[in-house]
Chemist: 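Please read through the structure below; I'll follow up with questions.
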Amino acid sequence: MTEVSSLTGRLLVATPALADPNFDRAVVLLLDHDAQGTLGVVLNRPTPVGVGDILEPWAGLAGNPDVVFQGGPVSLDSALGLAVIPGDEGPLGWRRVHGAIGLVDLETPPELVAKAFGSLRIFAGYAGWGPGQLKKELDDGAWYVVESEPGDVSSPRPEGLWRAVLRRQRGQLAMVATYPDDPSLN
């Protein structure tokens, strides 16, 4: 593997120069990053579809907003669950990704895991990169790589997450948060 270390658990924050409309101002939590490729979910793309509309048993556990998020352009007909679990031990049906953040097996009966959850978010689809593809995008300057925080997964204002994540960075990267939506209007 040519990449120095795993980026699992970190955030990819789209640079203003990233031209792909799927990732315009996206904040992607990386769930898996190794020599075989990279998988993540976009944290700031809520849809108008309620969790109860597609996964009714999980509706009462979903955080605010309690809608399905578009996790990325790949496999939009599949669902992933992410939950923040405080403490060292997670329940059966939950696999730690990084820190308090983990994947939820949506085949698990919700009542078995409900008491352990700090928050739950459901994603339709995911973002994926083949071997070496993300490294090329990073080398091309398409993404900033920053540390994630458990609150990123459950932000009640996901539409403001791009600016919020950038704003908490140090130095010049924090200034990018002020980049206008349409620079031609400046």
Side-chain angles (χ1 to χ4, degrees), residues 1-15 18 22-23 25-46 61-63 68-75 78-106 108 113 116-139 141-158 160-171 173-174 176-177:
M1 182 161 89
T2 58
E3 294 165 80
V4 177
S5 63
S6 175
L7 298 177
T8 299
R10 307 216 33 217
L11 296 176
L12 296 180
V13 180
T15 68
L18 183 60
N22 289 306
F23 297 109
R25 297 198 180 214
V27 177
V28 180
L29 175 67
L30 295 180
L31 304 175
D32 194 22
H33 174 77
D34 59 25
Q36 280 70 53
T38 305
L39 179 133
V41 290
V42 179
L43 298 177
N44 57 335
R45 295 283 191 274
L61 299 175
V68 175
F69 283 65
Q70 184 175 342
V74 181
S75 293
S78 66
L80 289 169
L82 279 182
V84 175
I85 305 278
D88 295 331
E89 293 294 320
L92 183 68
W94 180 81
R95 180 180 63 86
R96 186 177 311 280
V97 171
H98 177 74
I101 302 166
L103 282 165
V104 176
D105 178 356
L106 296 174
T108 302
V113 294
F117 287 176
S119 64
L120 171 72
R121 187 138 291 161
I122 303 294
F123 298 88
Y126 61 91
W129 293 264
Q133 186 180 4
L134 180 57
K135 180 176 183 338
K136 181 179 180 340
E137 290 184 18
L138 291 171
D139 291 345
W143 300 98
Y144 304 117
V145 179
V146 301
E147 294 298 323
S148 65
E149 295 181 1
D152 297 333
V153 172
S154 57
S155 173
R157 289 191 8 103
L161 192 59
W162 185 82
R163 289 188 194 281
V165 168
L166 288 170
R167 207 172 283 125
R168 73 177 185 233
Q169 305 309 308
R170 295 176 182 223
L173 193 52
V176 178

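FYI, the numbering just counts along the sequence from 1. Being a predicted model, the structure only gives us computed values, none of them experimental.
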Chemist: Could you report the tightest heavy-atom contact between I85 and P91, atom names first, then the distance?
Modeler: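 Nearest heavy atoms, I85 then P91: CD1-CD, 3.9 Å.
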Chemist: Does W129 reach the side chain of L12, with side-chain heavy atoms less than 4.5 Å apart?
Modeler: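 Answer yes - side chains close enough.
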Chemist: Which value, rounded to the nearest 0.5 Å, describes the distance between I101 atom CD1 and E149 atom CD?
Modeler: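 Result: 9.0 Å between the selected atoms.
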Chemist: Would you give the length of the straight line joining atom OG of S148 to atom CG of L7, rounded to the nearest 0.5 angstrom?
Modeler: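 Taking OG in S148 and CG in L7, the distance rounds to 11.0 Å.
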Chemist: For residues A26 and V42, report the shortest heavy-atom separation together with the two atoms involved.
Modeler: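 That closest heavy-atom pairing would be CB-CG1, 4.0 Å.
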Chemist: Do L106 and I122 make a side-chain contact, defined as non-hydrogen atoms from C-beta onward lying under 4.5 Å apart?
Modeler: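 A side-chain contact under 4.5 Å exists here.
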Chemist: Rounded to the nearest 0.5 Å, what's the gap from CZ on R121 to CG on L61? Could you check?
Modeler: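 Atom-to-atom, R121:CZ and L61:CG are 13.5 Å apart.
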Chemist: Check whether R96 reaches the backbone of G102 with its side chain - one donor and one acceptor, N or O, closer than 3.5 Å.
Modeler: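 A pair under 3.5 Å: no.
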Chemist: Calculate, to the nearest 0.5 Å, the distance between atoms CG and CH2 belonging to L138 and W143 respectively.
Modeler: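 Result: 9.0 Å between the selected atoms.
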Chemist: When rounded to the nearest 0.5 angstrom, what distance separates CZ in R10 from CG in L30?
Modeler: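 Between R10 CZ and L30 CG, I get 9.0 Å after rounding to 0.5 Å.
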Chemist: Where the side chain of T38 meets the backbone of G128, is there a donor-acceptor pair that is under 3.5 Å apart?
Modeler: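 The answer is no, because no donor-acceptor pair under 3.5 Å joins these two groups.
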Chemist: Any non-hydrogen side-chain atom of L92 less than 4.5 Å from a side-chain atom of V113?
Modeler: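 In short, these two side chains do not touch, never coming nearer than 4.5 Å.
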Chemist: Does N44 reach the main-chain N or O of V27 with its side chain, forming a donor-acceptor pair under 3.5 Å?
Modeler: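 Yes; judged by distance alone, with no hydrogens or angles, the pair exists.
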Chemist: Among L82, V68, L31, exactly one meets side chain to side chain contact (heavy atoms under 4.5 Å, CB included) together with F123. Which residue is that?
Modeler: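 Filter result, single survivor: L82.
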Chemist: Any side-chain heavy-atom pair from V104 and L80 closer than 4.5 angstrom?
Modeler: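 A side-chain contact under 4.5 Å is absent here.
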Chemist: Side chain of T15, backbone of G141: donor and acceptor closer than 3.5 Å?
Modeler: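 At least one qualifying donor-acceptor pair exists.
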Chemist: Taking side chain as C-beta onward, heavy atoms only, is P73 less than 4.5 Å from Y126?
Modeler: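 A side-chain contact is absent here, since even the closest heavy-atom pair is not under 4.5 Å.
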Chemist: Flag the pair Y144 / L166 as yes when at least one side-chain heavy-atom distance between them is below 4.5 Å, and no otherwise.
Modeler: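 The answer is yes, as the side chains (C-beta and beyond) meet within the 4.5 Å cut-off.
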Chemist: Would F117 and W94 count as a ring-ring contact (aromatic ring centres under 6.0 Å, His included) if you check the C-alpha gap in whole Å, the side-chain angles of each, and the deciding distance to 0.1 Å?
Modeler: CA-CA 10 Å; F117 287 176; W94 180 81; 8.2 Å; no
Chemist: Between E137 (side chain) and L134 (backbone), is there a donor-acceptor pair under 3.5 Å?
Modeler: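 Judged by distance alone, no pair lies under 3.5 Å.
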Chemist: So, the side chain of W162 versus the backbone of V13: is there a donor-acceptor pair under 3.5 Å, distance only?
Modeler: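 No, W162 side chain to V13 backbone: no donor-acceptor pair under 3.5 Å.
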Chemist: Could you state the interatomic distance from CD (Q70) to CG (L43), rounded to the nearest 0.5 Å?
Modeler: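 Q70 CD to L43 CG: 13.0 Å, rounded to 0.5 Å.
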Chemist: Begin from the C-alpha positions of R168 and D152 and carry the test salt bridge (Lys or Arg N to Asp or Glu O under 4.0 Å) through to its verdict.
Modeler: CA-CA 12 Å; R168 73 177 185 233; D152 297 333; 2.8 Å; yes
Chemist: Compare all side-chain heavy atoms of L11 with those of V165 and state whether any distance is below 4.5 angstrom.
Modeler: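 The answer is yes, as the side chains (C-beta and beyond) meet within the 4.5 Å cut-off.
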Chemist: Kindly give the heavy-atom pair with the smallest separation between A142 and L18, and that separation in Å.
Modeler: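 Between these two residues, the closest heavy atoms are CB-CD1, 3.5 Å.
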